[in-house]
There are 2 protein chains.
Amino acid sequence: MSVRQRAKRRAPARSESERQAKLQTILDAALDIFLEKGFADARLDDVAARAGVAKGTLYLYVPSKQALFEALVRSGIGGPVRAIEQKVPDPDISAEDQLRGLFLFLRTEILGTRRRDIVRLLLMEASRFPELAEVYHREVIVRGLRILRCIAERGVARGEFRSDEIARFPQLAIAPALVALLWTSLFQRFDPIDIEAMLEAHLMLLMKALKGHPS
Amino acid sequence: MSVRQRAKRRAPARSESERQAKLQTILDAALDIFLEKGFADARLDDVAARAGVAKGTLYLYVPSKQALFEALVRSGIGGPVRAIEQKVPDPDISAEDQLRGLFLFLRTEILGTRRRDIVRLLLMEASRFPELAEVYHREVIVRGLRILRCIAERGVARGEFRSDEIARFPQLAIAPALVALLWTSLFQRFDPIDIEAMLEAHLMLLMKALKGHPS
DNA sequence: GTACACTGACTGTCCAGTCAGTCATTTTGC
DNA sequence: GCAAAATGACTGACTGGACAGTCAGTGTAC
């Protein structure tokens, strides 16, 4: 009885994969807490509790609260952009379908997942972490906009699109996704909108504008 | 000499207008500090120093740090929406020109002023102040979207617009303004874009899409 | 028996909010 | 007129609590 008194203790995470798994547990917990309270108000005691470890353990995986935040953000960016970069060069697909594919990807791989929350957290804290803002800009924004511009330019070159606004300002094409992101976290609770239908409407508008025919 | 030793002391602010002026000084200082550090990291000592008063004085104008933040946000919203609501009902102006007027107003009265920073601050902190998010939604978002929807519906009713997407999702029309707001504060520093040209391009796209002709 | 992942009580710092005190100005008493 | 007393806006040193980061100690695996 006395031997079993104190609950089973996890085996020490020796192997690299066990270490990575535990780090991920900590990052997941940190995301929850940071989302709920914001960076400054988040307590590492709470992060530790949610991850099921003691506070000291956090410092075996991450050297400071700020580093924890940065690790969290870095773990959530980059992957999807690479995935898209591979799919885009296909020249058999019309620019329209490429844009549609991109939006589908956005919806299912970002807006519909935990990554959405990471992006939101980043947007909220970025002005206090200029270095992180720069990383995100370089690794995600620049590359994402390049893809969009590439699609738009090809559309123009083939005569599929008659307008070059998206090639000049690819930001315009993803702006509604940003609205969707923020609306979801701020207002959806008391004024729900159908995000999917909104993005669909945006695509329709965009196609009408780019192709220059009446529907 | 000994009499003049200590600098002139402000005369006590007795009248209501003097009190309001000092409150405004404090709110301005608070906006600077909150923008720089975020709500949680902002120190009231710094706010007081920037406003040129002692910390205790803040508490003669505002009961708590949170109340200071709320007063700051409330002081910056509402005004412009009312101004627009008065201008819109004019039926002599085409829907297109109404939209253009709205965007001009956005650029000059919000994106080009201190209000932009208040909105940014609000967006960043809103998830930690749900009540404030609700006030902002009710006082600004709902009313702003109503105006947009109204313009879009009139455009459709007159046959000026052939698409109803903006009437269904007025958010789509202002999405680029949100991008402009965030880009300015996060990335403009190392990747400047021409906000005005971007909003102009958005209007062109929107018009092409709504009117359904080639340019 | 030792190496090492893990623990959690502890420490030093930071800051929101307080309040006894200061000092122009106004009012009262003569 | 003028001194003394009252007023109240303003001050800033102080307090109490909170929390990031530490480290001596514990238990487990091998």
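Below, chain A is the first sequence line, B the second, and so on; all start at residue 1. Any value given below was found using the heavy atoms of this structure, including those in side chains, with hydrogens, waters and symmetry copies removed.
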Rounding to a whole Å, what distance do you find between Y59(B):OH and dC10(D):C1'? 15 Å
Side chains of V119(B) and Y136(B), heavy atoms from C-beta outward: is any pair under 4.5 Å? yes
Measure from CG on L68(A) to P on dC19(D) and round the result to the nearest Å. 16 Å
Grab the CG-P distance between L58(A) and dC23(D) for me, whole Å please. 17 Å
Rounded to whole angstroms, how far apart are CD1 on I33(B) and C1' on dA16(C)? 16 Å
Qualifying residues under salt bridge (Lys or Arg N to Asp or Glu O under 4.0 Å), relative to D41(A), sequence neighbours excluded: none
d(CD1, I26(A); C1', dC6(C)) in whole Å: 11 Å
Checking salt bridge (Lys or Arg N to Asp or Glu O under 4.0 Å) between D45(B) and each of K37(B), K65(B), K55(B), which is the one that passes? K55(B)
Just so I know, are the side chains of E200(A) and R100(A) near enough to count as touching, which here means a heavy-atom distance under 4.5 Å? yes
Whole Å only: how far is the CD atom of E18(A) from the C1' atom of dC4(C)? 14 Å
Could you check how far CG of D46(A) sits from P of dC19(D), rounded to whole Å? 8 Å
Near-ring test F169(A)/H202(B), centroid separation under 6.0 angstrom: no
To the nearest Å, how far apart are Y61(A) OH and dA5(C) P? 8 Å
Protein-nucleotides 10-15 of chain C N/O pairs under 3.5 Å:
none

Please check this pair: side chain of E125(B) against backbone of F39(B), looking for a donor-acceptor N/O pair closer than 3.5 Å. yes
So, OP1 or OP2 of dA9(D): does either fall under 4.0 Å of a side-chain N or O from K22(B)? no
